[in-house]
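The figures that follow rest on heavy atoms only: side chains count, while hydrogens, waters and symmetry mates do not.
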Amino acid sequence: QKMRAAAVQLNSTADTEANLRTADRLVREAASRGAALVALPEKWTVLGTPEELASGAEPLEGRFIGWARELAAELGIDLVAGSMVEHVSGRTKRANTSVHVGPDGEIKAVYRKLHMFDVQIDGVTYAESRHEEPGDEVVVSELAGGIRLGMSICYDVRFPELYRAHVAAGAEGI
């Protein structure tokens, strides 16, 4: 079974409105070129300092996923809203969350990044876990064409057991 997919690239900044406008333009362009599945990058909604990430965090009911739901329905596409900085009710830390929206505008799956990027490189420490809490489940969603999609975000790629779990759950694509 064939499906045209598009991976959108954009330079996210702390300007969430500009990020949203750019994402809108690029998703529309991908769909106009025949993409039935469009994926946005990690933290497409906001990227910057910890303070800017905190200020750009939103719940799933916010404008980013609202926009994704409306646009996916308008264009009749599967849209993987890359990942966003999610404010999760009842949690002190944020989540790095990817949302699959179907062509009907409904949320098909929500995946919260499992593996935090906590490393030290050349004496510089990167610790996502300072501000973000990992998810707790492997997520496989189903695209409109029936293809099962394993969801992951960035640093997850370093952990092959996640992809083994996707395959065990029936994933045909990642």
Under 3.5 Å, sequence neighbours excluded: what are the donor-acceptor pairs made by side chains of residues 164-174?
from	atom 1	to	atom 2	distance (Å)
His166	NE2	Met151	N	3.4
His166	NE2	Met151	O	3.1
Glu172	OE1	Arg148	N	2.9

- Query: In this structure, which one of Val101, Leu79, Asp104, Val99 forms a side-chain contact (heavy atoms from CB on, under 4.5 Å) with Arg69?
  - Reply: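 The single option meeting the side-chain contact (heavy atoms from CB on, under 4.5 Å) with Arg69 is Val101.
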- Query: Do Tyr155 and Asp118 have side-chain N/O donor and acceptor atoms under 3.5 Å apart?
  - Reply: no
- Query: With no hydrogens and no angle check, do the side chains of Glu42 and Asn96 hold a donor and an acceptor under 3.5 Å apart?
  - Reply: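 There is such a pair between these side chains.
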- Query: Any idea how Trp44 and Phe64 line up, ring-wise: parallel (<30°), tilted (30 to 60°), or perpendicular (>60°)?
  - Reply: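 Rings of Trp44 and Phe64: perpendicular, over 60°.
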- Query: Residues two or more places apart in sequence or in another chain: which of them pass side chain to side chain contact (heavy atoms under 4.5 Å, CB included) with Thr92?
  - Reply: none
Check ion pair [X]-[Y] (N to O, under 4.0 angstrom):
| X | Y | value |
| --- | --- | --- |
| Glu137 | Arg112 | no |
| Glu133 | Lys113 | no |
| Glu128 | Arg94 | no |
| Glu58 | Arg63 | yes |

- Would you sort out whether Phe159 and Tyr163 count as a ring-ring contact (aromatic ring centres under 6.0 Å, His included), showing the intermediate values? CA-CA 8 Å; Phe159 301 88; Tyr163 303 98; 9.4 Å; no
So which heavy atom on [X] is nearest to which on [Y], and how close?
| X | Y | result |
| --- | --- | --- |
| Pro134 | Met116 | CA-CE, 3.8 Å |
| Ala95 | Arg91 | CB-NH1, 3.9 Å |
| Ile153 | Ser83 | CD1-CB, 3.7 Å |

- Message: I'd like to know whether Val85 forms a side-chain contact (heavy atoms from CB on, under 4.5 Å) with Leu47, so could you lay out the CA-CA distance, the side-chain angles of the two residues, the decisive distance to 0.1 Å, and finally the verdict.
- Response: CA-CA 9 Å; Val85 182; Leu47 195 58; over 6 Å; no
